[in-house]
Structures are given as C-alpha cells and as structure tokens.
Student: 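Before we start, here is the structure in question, set down as structure tokens.
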Amino acid sequence: MLFSDLSPAPPDAILGLTEAFKKDTNPDKINLGVGVYQDDDGLTPVMKCVKAAEERILASEKTKSYLPISGSAEYKSSVQNLIFGPDHEIIRSGRARTAHSPGGTGGLRIGAELIRQIRPDATVWMSTPTWANHPGIFAAAGFKQSSYPYYDAETKGLDFEGMRQSLAKVPAGDIVLLHVCCHNPSGVDLSGDQWKDLAAMASQQGWIPFLDFAYQGLGDDLEQDRSGLLRIAETVPELFVASSFSKNMGLYRERTGALTIIGPDASAADAAFSHLEKTIRVVYSNPPSHGGLIVSTVLNDPALRNQWEQEVVDIRDRIKSIRSEFVSKLKERGVGRDFSFIDSQKGMFSFSGLSDEQVAFLRESKGIYIVKGGRINVAGITTRNIEYLCDSVAEALG
C-alpha cells in the first residue's frame with residue numbers, strides 16, 4: 001500500500017500556528033505569527049486601487065486563454081520598471097529577462113530549478129536567520145546549503161563583520177541569497193555602504209547573488225528600498241531577483257510575483273531565459289492571469305499608480321507608528337528591558353527578543369500567537385489589542 005505506513009508531515013511552523021489560532025476560544029487572542037499585513041481593524045484589506053483595476057478588467061476582459069509561458073509583455077515590463085526604475089541601463093541594454101511567477105515563492109522555486117540545471121554542485125548560502133521557507137525551497141531543488149551570520153541577538157542589530165567574514169569564503173559559482181529590504185524575520189537591513197561592500201565582494205569572488213525582494217515600499221520607500229539591488233546590479237554581471245506583489249499590493253491570494261534574470265549581455269540573458277521557460281513549462285506551464293492584469297493596470301495608469309503609491313505610504317506609516325507605540329507602552333509599564341531596537345527596524349517583522357519559554361507562556365496563557373524564536377508580525381498589532389498585548393508581554397517578562 002502506498003499510504004498505509006505514511007506518517008503525517010509536521011505542520012508548517014507559521015501556517016500551523018494560524019490553524020491553532022483559529023481554534024483558540026480566547027476572546028482576546030492575537031495572531032502575530034502569520035506574515036500578512038493587517039490594518040487597524042485586524043483585516044487584510046483589498047487596496048482601493050486594486051478594486052478599481054479589477055472593475056476595469058472585469059468590464060473589458062474578453063478571453064480566459066493561456067498566457068505565454070513567461071507571462072504578458074506588459075506585466076514583465078511593469079516589474080522591471082518597478083524593481084530597477086524606469087530607463088535603467090539594465091532595461092535599456094536588454095540584459096534583464098522577467099518571468100511572471102506564482103508569487104515570490106514561485107520565483108524563488110523556478111530560479112532554484114534553473115540554477116540546479118546549470119550549477120548542480122553549487123551550495124546556496126542563506127542568512128542566519130532567514131525566512132522559514134527558504135531552506136525548504138532550495139532543498140526541494142536538491143541544493144547543498146550553508147549559512148552566514150546576519151542577526152546579532154545581543155546587539156539586536158546586524159552582525160556585518162561576521163557576515164562579511166563568512167561571505168569572503170564563498171567560492172566562485174556558489175549562490176548567496178540576500179534579502180533586499182525588510183529582512184524577514186529580523187527587520188534589520190543593510191546600509192548603502194554595506195551593500196556596496198557586498199557587491200564588490202561578489203564581483204571579486206564570483207559568487208552569484210540571488211535577491212529576495214518581497215517587500216518593496218514597506219521599508220523606506222519604493223525607490224530607496226531598491227538601492228541595495230541597484231548597487232549589486234551595478235557591479236555584478238549575473239544575478240537573480242525574486243519579487244512579489246503580495247505585500248505592497250495586497251495580492252496575497254492572487255499569487256503574483258516574478259523572477260528576473262540579469263545577464264552580462266542581452267545574448268546571455270536570452271539563452272538563460274530560454275532554459276527558464278523550459279523549466280516553467282514542466283513545473284506549472286503558464287502563470288495565472290488575474291493578479292498580473294491588476295499589477296499592469298495599476299502601474300501603467302497614472303491615476304491608479306498615484307493612488308497605489310499613497311496606499312503603500314499609508315501601510316508603511318502604520319507599521320512605523322505601531323512599532324513606536326509598542327515600544328512606548330512597554331516602557332510605560334515599567335518593563336526594564338530596552339525594546340527601542342524595534343523602533344529602528346523596518347518592514348512587518350521583528351525579532352522581539354522573547355525567549356521560547358515566554359512565547360509558550362503568551363500562547364498558552366494569553367492566546368497570543370508568536371513564532372518560536374520570538375519573531376512577531378508588527379502589523380498584527382492594532383489600537384484595539386495593543387494594551388492587552390503589552391500587559392501580557394510585561395507579565396511574561398516578569
């Protein structure tokens with residue numbers, strides 16, 4: 001029998017937490033685990049610009065036929081203009097090729113499959129810590145994996161010297177996975193000078209950067225958040241970028257992302273992309289249409305684009321505001337530990353510094369769900385639950 005001796009797979013560390021949260025009967029329960037943006041009502045809203053775009057799409061759409069294997073030309077152009085900036089040299093020279101993928105995760109996965117075909121003996125290097133799904137994605141493609149230091153638990157900041165020393169040992173041809181902004185799970189980002197240093201190192205040593213760009217616009221702004229990517233692209237002739245519209249356009253369930261390949265010249269990019277299209281063909285054949293149509297409609301209409309950019313500002317400002325309020329209210333409660341580092345981090349996530357024992361106490365006694373290791377989704381904090389949360393954290397800290 002095929003299934004009779006099969007044991008159940010362990011639940012996903014984050015999605016399993018959400019299932020436990022749903023079953024919890026505590027009326028004050030709070031979910032700070034799952035990585036989705038929530039507004040102050042605790043909802044993941046549909047952006048107004050998205051609603052307007054969908055109305056146009058539904059009124060004008062005339063076919064449900066397949067998209068090309070790599071997606072529509074308009075979508076791919078929109079992605080490149082957003083992640084590089086319009087009229088960037090990489091776009092003008094034709095060195096970039098983009099495929100519409102099912103979410104940023106899909107972009108990472110097809111990129112991993114392509115690299116595995118080209119460099120089967122390569123090792124993929126990931127930050128400590130990194131997004132919980134990164135190791136599984138590259139393991140599924142058959143890669144050996146190693147890690148480099150990133151987050152310093154004592155300083156609650158970046159261990160750049162440790163990171164640099166580790167990456168200095170990465171051999172040519174290996175893959176280094178880097179978070180462009182709003183590092184998940186720490187919220188600690190690289191500075192411009194640090195990106196410049198890494199770009200020079202990658203160029204000199206010959207390792208290949210694979211950039212995960214899931215949160216453009218949620219750190220500083222749409223332009224500044226791509227600065228690390230641009231520093232790498234200015235120096236390194238070959239790289240991969242997986243990007244996503246889940247967070248910055250709220251298209252979580254539409255699974256709208258991209259993989260962009262940058263080659264040393266247009267001919268090399270074309271050759272690599274031809275192999276990527278063969279990979280896509282056997283993995284999922286064609287991308288889904290609806291999310292891509294929304295993105296193209298919003299980004300190419302001046303009025304909708306302006307509306308979207310303001311909605312991204314509103315999301316970013318709320319996250320920054322709730323960070324400050326959380327730190328302030330813990331201090332008001334006489335908590336002796338310094339949580340000011342949360343105020344300086346970027347994006348939706350933060351390493352709270354809470355121990356696994358404190359995380360377990362908050363879940364079991366207070367109905368507050370936090371990922372093991374203390375990572376919290378700051379966007380899950382609202383004006384309605386922050387008092388209860390801060391009271392509970394103060395109690396957990398003793």
Side-chain angles (χ1 to χ4, degrees), residues 79-99 104 107-108 111-112 114-115 118-119 122-127 130-131 134 138 147-150 158 160 163-184 188-217 219-244 257-266 268-269 272-273 346-347:
V79 169
Q80 291 187 17
N81 285 332
L82 183 63
I83 66 174
F84 297 118
D87 201 38
H88 191 277
E89 177 276 329
I90 286 176
I91 298 175
R92 285 186 281 106
S93 64
R95 295 196 295 118
R97 294 289 182 273
T98 298
L108 289 163
L114 176 63
I115 297 168
I118 303 169
R119 289 279 173 82
T123 296
V124 178
W125 296 71
M126 304 178 193
S127 65
T130 193
W131 178 42
H134 278 151
F138 286 92
S147 61
Y148 57 85
Y150 189 87
L158 180 68
F160 186 66
M163 178 183 184
R164 198 179 185 286
Q165 289 177 12
S166 181
L167 294 183
K169 302 173 185 176
V170 175
D174 274 5
I175 312 301
V176 176
L177 185 64
L178 298 163
H179 302 232
V180 180
C181 69
C182 305
H183 183 273
N184 180 2
V188 176
D189 285 352
L190 294 157
S191 69
D193 287 343
Q194 289 165 342
W195 276 112
K196 187 176 180 181
D197 198 354
L198 290 185
M201 187 183 298
S203 179
Q204 291 162 11
Q205 293 176 219
W207 46 259
I208 310 299
F210 197 138
L211 305 182
D212 190 344
F213 199 12
Y215 299 95
Q216 185 176 5
D220 292 311
D221 58 42
L222 291 165
E223 289 74 29
Q224 291 185 67
D225 286 353
R226 64 181 172 225
S227 60
L229 184 161
L230 296 183
R231 282 182 169 87
I232 293 285
E234 288 165 3
T235 308
V236 183
E238 297 178 321
L239 62 144
F240 296 79
V241 183
S243 56
S244 171
L259 178 72
T260 300
I261 299 174
I262 298 91
D265 54 50
F273 199 67
K346 296 177 182 179

Student: Going by an N to O cut-off under 4.0 Å, is there a salt bridge joining K196 and E234?
Tutor: no

Student: Is there a side-chain contact between F210 and L108 in this structure, where contact means two heavy atoms from C-beta onward sitting under 4.5 Å apart?
Tutor: yes

Student: Testing the basics here: between H88 and F84, what is the closest heavy-atom pair and its distance to 0.1 Å?
Tutor: CD2-O, 3.6 Å

Student: Shortest non-hydrogen contact from D225 to G217?
Tutor: OD2-N, 2.7 Å

Student: Test side-chain contact (heavy atoms from CB on, under 4.5 Å) on I175 and R119 and set out the steps.
Tutor: CA-CA 9 Å; I175 312 301; R119 289 279 173 82; 5.7 Å; no

Student: Could you label the plane-to-plane angle of the H134 and H179 rings as parallel, tilted or perpendicular, counting under 30° as parallel and over 60° as perpendicular?
Tutor: perpendicular

Student: Would you name the heavy atoms of F213 and V241 that are closest together and state the gap between them?
Tutor: CB-CG1, 4.1 Å

Student: Quick one: are V170 and Y148 in side-chain contact, heavy atoms under 4.5 Å?
Tutor: no

Student: Going through the checks in order, is the side-chain contact (heavy atoms from CB on, under 4.5 Å) test met by I261 and L114?
Tutor: CA-CA 11 Å; I261 299 174; L114 176 63; 3.6 Å; yes

Student: Quick one: are L198 and V176 in side-chain contact, heavy atoms under 4.5 Å?
Tutor: no

Student: With heavy-atom distances below 4.5 Å as the criterion, would you say the side chains of L229 and Q216 are in contact?
Tutor: no

Student: Where do Q224 and S227 come nearest, in terms of heavy atoms and distance?
Tutor: O-OG, 2.8 Å

Student: Any idea which heavy atoms bring A168 and M201 closest together, and the distance?
Tutor: N-SD, 3.7 Å

Student: For the residue pair M126 and D212, establish whether any side-chain heavy-atom pair is separated by less than 4.5 Å.
Tutor: no

Student: Drop me the distance from D189's CG to C182's SG, to the nearest 0.5 angstrom.
Tutor: 5.5 Å

Student: Tell me, with the steps shown, if Q194 and R164 meet side-chain contact (heavy atoms from CB on, under 4.5 Å).
Tutor: CA-CA 9 Å; Q194 289 165 342; R164 198 179 185 286; over 6 Å; no

Student: Rounded at 0.5 Å granularity, tell me how far CZ in F240 sits from CG in L177.
Tutor: 12.0 Å

Student: Are any of the side-chain heavy atoms of I83 and R226 separated by less than 4.5 Å?
Tutor: no

Student: Hey, what's the ring geometry for H183 with Y150, parallel, tilted or perpendicular (30° and 60° as the breaks)?
Tutor: parallel

Student: Calculate, to the nearest 0.5 Å, the distance between atoms CE and CG belonging to M163 and D197 respectively.
Tutor: 9.5 Å

Student: Can you tell if the side chain of D220 reaches within under 4.5 Å of the side chain of K346, non-hydrogen atoms only?
Tutor: yes

Student: Please name the residue in the list I91, I262, I90 that meets the side-chain contact (heavy atoms from CB on, under 4.5 Å) test with Q80.
Tutor: I91

Student: So S191 and F160, do their side chains get closer than 4.5 Å, heavy atoms only?
Tutor: no

Student: Quick one: closest heavy-atom pair of V236 and P209, and the distance?
Tutor: CG1-CD, 3.7 Å

Student: How many angstroms lie between CG in L230 and CD in E223, if you round to the nearest 0.5 Å?
Tutor: 10.5 Å

Student: Supply the atom-to-atom distance R95 CZ to D265 CG, rounded to the nearest 0.5 angstrom.
Tutor: 8.5 Å

